[in-house]
Asks: 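This structure is in structure tokens; I'll ask about it shortly.
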Amino acid sequence: MAKKKNIKQKPKEKKSIVAHILRLSCIYYTITTFLLIFLFWLISNDITRAMHPVALMLILPFCICFAAANTLWSSAVLSGFPALLVHYALTIGSIWLFLFLPNKNPDAQASGALILFLALTLIYAVVMGFVVFMRRRIKHLTRESSEYTSVYKN
């Protein structure tokens, strides 16, 4: 029997990072707006008064920042705890800048903003803790189940 030679194929062209971020942000925007419309529909029958168009438009820059944070976190540029800190800063900062501040009540107290910030940080910690745990678990399982193939044999 003749041995099959491993012919390395040319690597596919890398996708543009900007196109990837924009594609992800469109997906996040669509999911977020449909989820908000559904939640307002559950709360009230009159959906026309529920969401201000400017508030809907400000979801898009949040989604772009969130997609950029996810792209940086999953890329090889940063890894470990620094990548998690950058992801946290971009996510919570964009929530604060694009979703909270423009929609803030002028009569609201600063303690409410602090409580919201702490609640968002707690939610972020729980979700990202679960995501990091599942990523490590999946990586550990795939490492154990993969067969060793020698690179030195012809």
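Heavy-atom basis, side chains included; hydrogens, waters and symmetry copies ignored.
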Asks: Report yes if some heavy atom in the side chain of L24 is under 4.5 Å from a heavy atom in the side chain of F66; otherwise report no.
Replies: no

Asks: Rounded to the nearest 0.5 Å, what separates atom CD1 in I123 from atom CG in L118?
Replies: 11.0 Å

Asks: Between Y29 (side chain only) and F62 (backbone N and O only), is there a donor and an acceptor less than 3.5 Å apart?
Replies: no

Asks: Which class fits the ring pair W73 and H87: parallel under 30°, tilted 30 to 60°, perpendicular over 60°?
Replies: tilted

Asks: Would you say M57 ends up clustered with I27 if hydrophobic residues are merged whenever their side chains have heavy atoms under 4.5 Å apart, either directly or through other cluster members?
Replies: no

Asks: Mind checking the CG-SG spacing from L58 to C63? Nearest 0.5 Å is all I need.
Replies: 11.0 Å

Asks: Does the side-chain contact (heavy atoms from CB on, under 4.5 Å) test come out yes or no for L90 and L72, once each step is laid out?
Replies: CA-CA 10 Å; L90 281 173; L72 281 174; 4.1 Å; yes

Asks: Which pair of heavy atoms, one from A67 and one from S25, lies closest together, and at what distance?
Replies: CB-N, 3.7 Å

Asks: Under the side-chain hydrogen bond (donor to acceptor under 3.5 Å, both in side chains) test, which residues partner Y28, sequence neighbours left out?
Replies: N70

Asks: Taking side chain as C-beta onward, heavy atoms only, is V126 less than 4.5 Å from F130?
Replies: no

Asks: Only counting residues at least two apart or in another chain, list the ones meeting ring-ring contact (aromatic ring centres under 6.0 Å, His included) with Y88.
Replies: Y124

Asks: Can you tell me how far apart CD1 (I92) and CG (L97) are? Round to the nearest 0.5 Å.
Replies: 13.0 Å

Asks: For the side chain of T33 and the backbone of T30, is there at least one donor-acceptor N/O pair under 3.5 Å apart?
Replies: yes

Asks: If you round to the nearest 0.5 Å, how far is CH2 of W96 from OG1 of T91?
Replies: 15.0 Å

Asks: Hydrophobic cluster membership, with links at side-chain heavy-atom distances under 4.5 Å among I/L/V/M/F/W/Y: are I95 and I115 in one?
Replies: no

Asks: How far does CG of L22 sit from CG of L60, to the nearest 0.5 angstrom?
Replies: 9.0 Å

Asks: Compare every heavy atom of I64 with every heavy atom of I21, then report the nearest pair and how far apart it is.
Replies: CG2-O, 3.9 Å

